[in-house]
Amino acid sequence: MSGYRRKKHRKTGQILWSMKHVLLGLLFLFVILLAIIGVTRRSRTAAAQQTVSQAEDGRPEMAVQLLTANEYSRPGIALEQIDGIVIHYTANPGTSAQANRDYFEGLKDSHATKASAHFIVGLDGEIIQCIPTAEIAYASNERNRDTLSIECCYENGDGSFNQATYDSVIRLTAWLCAREGLTAEDVIRHYDVTGKLCPLYYVEHPDAWEQFREDVAECMDGGR
């Protein structure tokens, strides 16, 4: 073989070798891309599974973000019976449901106090579940043992709930009552347990509290 042909053959081999490695590199990138897509899809699926959509039994949509088991906000103590639903307000105007949930979560590290709730209803009507309904929450003192607690966010200093929050907590309360065999008369304020001004607006305005209960009863009857 002449020198020219040997050089040409060598050059062709180098080109083929380079193309082979380019193709292998592209194949490797393709595999990585598929893996990333797979992880993203699994993450989206997991996130979707955390959101409980409206069910046939009237369950409102909610994000399930259970607190880490710890002695300061989720002690893991079984709730043996449910005799009532307790309504609270967050006592920090303008904060979101997520911020309040994260505060409860952070108590495992800060040890600042013992506090939590089963559900938090936000300013846009969003609901976050923090504690399973089979466990107690640190919310209502001696009634922790037999009640479910709902914390409500609010915007104004008077403690009143905006319409989105109000409508959402009515639906949630009605659903819980129906599920647990309770009536609107079993819905109480934190105030009714300890005398604490919580939820503030509905302590200072008893007529508004009676309307709240009436709206729960109406919702249970399918009127809202």
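Residue numbers count from 1 along this sequence.
Asp192 pairs by the salt bridge (charged side-chain N to carboxylate O under 4.0 Å, His left out) definition with Arg189, not counting sequence neighbours. Residues forming a salt bridge (charged side-chain N to carboxylate O under 4.0 Å, His left out) with Lys108 (at least two apart in sequence, or on another chain): Glu105.
More than 12 heavy atoms of other residues, nucleotides or ligands shown are found within 6.0 angstrom of OH on Tyr138.
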* To do: Report the C-alpha distance between Phe161 and Tyr202 in whole Å, list the side-chain angles of each, state the deciding distance to 0.1 Å, and finish with yes or no for ring pair (Phe, Tyr, Trp, His ring centres under 6.0 Å).
  => CA-CA 10 Å; Phe161 305 158; Tyr202 301 94; 4.8 Å; yes
* Asked: Under the salt bridge (Lys or Arg N to Asp or Glu O under 4.0 Å) criterion, do Arg213 and Glu185 qualify, and how do the steps go?
  -> CA-CA 7 Å; Arg213 283 172 139 186; Glu185 294 301 311; 3.7 Å; yes
* Residue pair Thr147, Leu79: steps toward the side chain to side chain contact (heavy atoms under 4.5 Å, CB included) verdict -> CA-CA 8 Å; Thr147 60; Leu79 186 60; over 6 Å; no
* Asked: Given the rule in the side chain to side chain contact (heavy atoms under 4.5 Å, CB included) test, do His111 and Lys114 qualify, once you have shown the distances and angles that lead to the verdict?
  -> CA-CA 7 Å; His111 303 175; Lys114 291 184 176 181; over 6 Å; no
* Test log, rule side chain to side chain contact (heavy atoms under 4.5 Å, CB included), inputs Thr90 and Thr95 -> CA-CA 8 Å; Thr90 60; Thr95 58; 4.1 Å; yes
* side chain to side chain contact (heavy atoms under 4.5 Å, CB included) between Phe119 and Ile85, intermediate numbers included -> CA-CA 11 Å; Phe119 303 92; Ile85 311 296; over 6 Å; no
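If you chain together hydrophobic residues whose side chains sit under 4.5 Å apart, Val169 and Leu123 never meet in one group. No continuous path of hydrophobic side-chain contacts links Ile188 to Val121 [ILVMFWY only; heavy atoms under 4.5 Å]. In terms of hydrophobic clustering, with Ile, Leu, Val, Met, Phe, Trp and Tyr side chains grouped at heavy-atom distances under 4.5 Å, Ile150 and Val86 are assigned to different clusters. No continuous path of hydrophobic side-chain contacts links Val193 to Ile82 [ILVMFWY only; heavy atoms under 4.5 Å]. Residues Met220 and Ile127 share a single hydrophobic cluster, defined by chaining ILVMFWY side chains whose heavy atoms lie under 4.5 Å apart.
Between the side chain of Thr194 and the main chain of Lys196, a donor-acceptor pair closer than 3.5 Å is present. Side-chain N or O atoms of Asp158 include one that pairs as donor or acceptor with a backbone N or O of Ser160 at under 3.5 Å. No donor-acceptor pair under 3.5 Å is formed between the side chain of Ser140 and the backbone N or O of Arg143.
Rounded to the nearest 0.5 angstrom, Asp83 CG and Leu182 CG are separated by 7.5 Å. From Glu61, atom CD reaches atom OG of Ser168 across 9.5 Å, with rounding to the nearest 0.5 Å. The distance from the CD atom of Gln81 to the CG atom of Asp146 is 5.5 Å, given to the nearest 0.5 Å. Between the CG atom of Leu200 and the CG atom of Leu197 there is a distance of 6.0 Å, given to the nearest 0.5 Å. For the atom pair CD (Glu180) and CG (Leu148), the distance works out to 6.0 Å, reported to the nearest 0.5 Å.
Under a 4.5 Å side-chain heavy-atom cut-off, the cluster of Ile, Leu, Val, Met, Phe, Trp and Tyr residues that includes Tyr103 is completed by Leu67, Tyr72, Phe104, Leu107, Ile120, Ile131.
Taking each heavy atom of Thr165 and Cys153 in turn, the nearest pair found is CG2-O, 3.5 Å. Nearest approach of Asn156 to Pro93, heavy atoms of both residues: O-CB, 4.4 Å. When all heavy atoms are compared, the tightest approach of Tyr191 to Val203 is CB-CG2, 3.4 Å. Contact between Ile128 and Arg101 at its shortest, heavy atoms only, is CG2-CG, 3.9 Å. Considering all non-hydrogen atoms of both residues, Ser149 and His88 come closest at OG-NE2, 3.2 Å. When all heavy atoms are compared, the tightest approach of Ala139 to Ser116 is CB-O, 3.2 Å.
Trp175 does not carry Arg171 over the face of its six-membered ring by the limits of under 6.0 Å from the centre and within 45° of the normal.
With hydrogens and angles left out, the side-chain atoms of Gln98 and Glu126 include no donor and acceptor closer than 3.5 Å. His118 and Thr133 share no side-chain donor-acceptor pair at under 3.5 Å. Using modelled atom types and a 3.5 Å distance limit, the side chains of Gln163 and Asp167 yield a donor-acceptor pair. Counted by atom type alone, Glu142 and Asn144 present zero donor-acceptor pairs between their side chains at under 3.5 Å. Using a 3.5 Å distance cut-off with no hydrogens or angles, the side chains of Asn100 and Asn92 do pair a donor with an acceptor.
Aromatic rings of Tyr201 and Tyr154 (six-membered ring for Trp) have centroids beyond the 6.0 Å cut-off, not under it.
Between Arg74 and Glu135, at least one side-chain nitrogen of the basic residue sits less than 4.0 Å from a carboxylate oxygen of the acidic one, meeting the salt-bridge criterion.
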